[in-house]
Novice: 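One structure, pasted below without further comment.
If you read the sequence from its start, that first residue is 1, and numbering goes on from there.
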Amino acid sequence: YKRFQHDLCGNRMIYVGESAPKFYVGSTAVSNIYVGSTPVWSSFKAMGIDKSGSSSISSNTWTLLTGWVARSGYPDTVITSNGLEIPAGATVTLTGQTQHGSANSGNACRIVAGGTVLATSVSSSTATPTVSASFTPSVATIVQLEVFANGLTATRQISAGSNTYLVAQP
């Protein structure tokens, strides 16, 4: 963005491979730039969160996970309402995982955006179910991770640390 050149019609151009913090069309900020269907620039910076402190959840009900810290390697992370805020127009790939205290049939997790379920992991006997989804909100939206455990016990532990996470990549 430090070096602009004009084409034959007088339009300002930026060289591919250079970066800029923001682009505008008039006074409107641009979220994404595409060449055909291929994204070549996004204003959204990758964010990630890890569970801070373990949680005891009730069986047979979806539970919002709370208590998060920024994930290592994601310096632009801003935690909002126990999730990540995705700006309007940003296309992101979301990935989540939960670390259950044991591997029992019925462990699952899901990604929720503004109260709407985007994707749910397969209910399985693994202790670390994972889920992913592509998402482009029309308005700024908070995405969160919810967890489910079957009714084998009254409660189930969800572990803290890097095995329970939610990541948003442009």
Side-chain angles (χ1 to χ4, degrees), residues 19 21 31-34 37-170:
S19 62
S31 319
N32 298 299
I33 296 175
Y34 294 85
S37 62
T38 305
V40 294
W41 182 85
S42 176
S43 62
F44 179 78
K45 303 295 182 214
M47 294 191 289
I49 50 179
D50 289 337
K51 181 81 176 78
S52 174
S54 62
S55 294
S56 182
I57 64 162
S58 297
S59 292
N60 294 321
T61 185
W62 285 101
T63 304
L64 173 66
L65 287 179
T66 61
W68 297 95
V69 295
R71 187 171 176 84
S72 177
Y74 293 87
D76 296 310
T77 298
V78 177
I79 302 168
T80 306
S81 299
N82 289 300
L84 301 172
E85 185 172 351
I86 310 302
T91 298
V92 297
T93 299
L94 302 163
T95 306
Q97 176 178 288
T98 52
Q99 173 70 55
H100 293 247
S102 59
N104 289 311
S105 178
N107 291 341
C109 60
R110 68 185 182 185
I111 298 171
V112 178
T116 300
V117 176
L118 295 181
T120 303
S121 70
V122 174
S123 180
S124 68
S125 59
T126 181
T128 54
T130 59
V131 62
S132 64
S134 181
F135 181 55
T136 307
S138 57
V139 297
T141 304
I142 295 172
V143 294
Q144 299 166 313
L145 192 62
E146 292 184 346
V147 66
F148 183 88
N150 68 8
L152 293 177
T153 59
T155 61
R156 182 74 50 84
Q157 282 295 115
I158 303 300
S159 301
S162 62
N163 281 333
T164 299
Y165 64 85
L166 178 62
V167 170
Q169 296 276 359

Novice: Taking the side chain as C-beta and beyond, is there a heavy-atom pair between P75 and K45 under 4.5 Å?
Specialist: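 A side-chain contact is absent here, since even the closest heavy-atom pair is not under 4.5 Å.
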Novice: Among T141, L94, V131, V112, which residue meets the side chain to side chain contact (heavy atoms under 4.5 Å, CB included) test with L118?
Specialist: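 Only match with L118 under side chain to side chain contact (heavy atoms under 4.5 Å, CB included): L94.
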Novice: Rounded to the nearest 0.5 Å, how far apart are CD of Q144 and CG of L64?
Specialist: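 Between atom CD of Q144 and atom CG of L64 there are 4.5 Å.
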Novice: Which value, rounded to the nearest 0.5 Å, describes the distance between I57 atom CD1 and I158 atom CD1?
Specialist: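 Between I57 CD1 and I158 CD1, I get 4.0 Å after rounding to 0.5 Å.
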Novice: Could you tell me whether the side chain of S54 and the main chain of A160 form a donor-acceptor pair under 3.5 Å?
Specialist: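 Absent.
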Novice: Could you check whether any side-chain heavy atom of T98 comes within less than 4.5 Å of a side-chain heavy atom of N107, counting everything from C-beta outward?
Specialist: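 Heavy-atom side-chain distance check fails, nothing below 4.5 Å.
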Novice: Is there any salt bridge (Lys or Arg N to Asp or Glu O under 4.0 Å) pair reaching into residues 80-89, and which pairs are they, with sequence neighbours excluded?
Specialist: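 Checked against salt bridge (Lys or Arg N to Asp or Glu O under 4.0 Å) - neighbours excluded - no pair reaches residues 80-89.
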Novice: Are T128 and Q99 close enough that a side-chain donor and a side-chain acceptor fall under 3.5 Å?
Specialist: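 Side-chain D/A pair, T128 to Q99: absent.
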Novice: Would you list the pairs meeting salt bridge (Lys or Arg N to Asp or Glu O under 4.0 Å) in which at least one residue belongs to residues 157-170, sequence neighbours left out?
Specialist: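 Listed by first then second residue: nothing to list.
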Novice: For the side chain to side chain contact (heavy atoms under 4.5 Å, CB included) test, which of P129, S159, C109 pairs with H100?
Specialist: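 Running side chain to side chain contact (heavy atoms under 4.5 Å, CB included) over P129, S159, C109 with H100 returns exactly one hit, P129.
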Novice: Considering residues at least two apart in sequence or located in another chain, which fulfil the side chain to side chain donor-acceptor pair (under 3.5 Å) criterion with S55?
Specialist: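 Partners of S55 by the side chain to side chain donor-acceptor pair (under 3.5 Å) criterion, ordered by chain and then number, come out as K51.
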Novice: If every non-hydrogen atom of P87 is compared with every non-hydrogen atom of F44, which pair is closest and at what distance?
Specialist: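 The answer is CD-CD1, 3.5 Å.
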Novice: For Q157 and S56, work out which heavy atoms get closest and say how close.
Specialist: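 Scanning both residues completely, I find the closest heavy atoms to be OE1-CB, 3.2 Å.
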Novice: Quick one: does I111's side chain get under 4.5 Å of L145's, heavy atoms only?
Specialist: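 Yes, close enough: below the 4.5 Å cut-off.
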Novice: Write down the atom of A133, the atom of A119, and the distance for their closest heavy-atom approach.
Specialist: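 Taking A133 first and A119 second, the nearest heavy atoms are CB-CB, 3.8 Å.
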Novice: Under 4.5 Å between any side-chain heavy atoms of W68 and T77, yes or no?
Specialist: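 No; the side chains remain at least 4.5 Å from each other.
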Novice: Listing request: all ring pair (Phe, Tyr, Trp, His ring centres under 6.0 Å) pairs with a residue in residues 111-141, at least two apart in sequence or in separate chains.
Specialist: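 Checked against ring pair (Phe, Tyr, Trp, His ring centres under 6.0 Å) - neighbours excluded - no pair reaches residues 111-141.
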Novice: For side-chain contact (heavy atoms from CB on, under 4.5 Å), just list the numbers for L65 and T164, CA-CA rounded to whole Å, side-chain angles, deciding distance to a tenth of an Å, and then say yes or no.
Specialist: CA-CA 10 Å; L65 287 179; T164 299; 3.8 Å; yes
Novice: Using every non-hydrogen atom in the two residues, find where D50 and S72 come nearest and quote the distance to one decimal.
Specialist: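 Closest heavy-atom pair between D50 and S72: OD2-N, 4.4 Å.
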Novice: Nearest 0.5 Å, please: how far is CG in L84 from CG in L166?
Specialist: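 That separation rounds to 5.0 Å.
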Novice: Sequence neighbours left out, what pairs pass salt bridge (Lys or Arg N to Asp or Glu O under 4.0 Å) with at least one residue falling in residues 118-133?
Specialist: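 Residue pairs with at least one partner in residues 118-133: there are none.
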Novice: Find out whether T91 and S134 are in side-chain contact, i.e. whether some heavy atom of one side chain is under 4.5 Å from a heavy atom of the other.
Specialist: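 A side-chain contact under 4.5 Å exists here.
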Novice: Is any side-chain heavy atom of Y74 closer than 4.5 Å to one of V167?
Specialist: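 With C-beta onward as the side chain, the pair touches.
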Novice: Go through the steps for S121 and T130 under the test side-chain contact (heavy atoms from CB on, under 4.5 Å), then give the verdict.
Specialist: CA-CA 6 Å; S121 70; T130 59; 5.9 Å; no
Novice: Considering all heavy atoms of both residues, which atom of S132 and which atom of T95 are nearest to each other, and what is their separation?
Specialist: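 Here S132 and T95 meet closest at CB-OG1, 4.1 Å.
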Novice: I'd like to check V69 versus I49 (side-chain heavy atoms, cut-off strictly below 4.5 Å). Are they in contact?
Specialist: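 No - every pair of side-chain heavy atoms lies 4.5 Å or more apart.
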Novice: Any side-chain heavy atom of N163 within less than 4.5 Å of one from Q97?
Specialist: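 Contact flag for N163/Q97 side chains = yes.
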Novice: Enumerate the salt bridge (Lys or Arg N to Asp or Glu O under 4.0 Å) contacts for residues 119-148, please, sequence neighbours excluded, ordered by first and then second residue.
Specialist: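 Qualifying pairs, neighbours excluded: R110-E146.
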Novice: Shortest non-hydrogen contact from S138 to A88?
Specialist: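 Heavy-atom minimum between the residues: O-CB, 3.4 Å.
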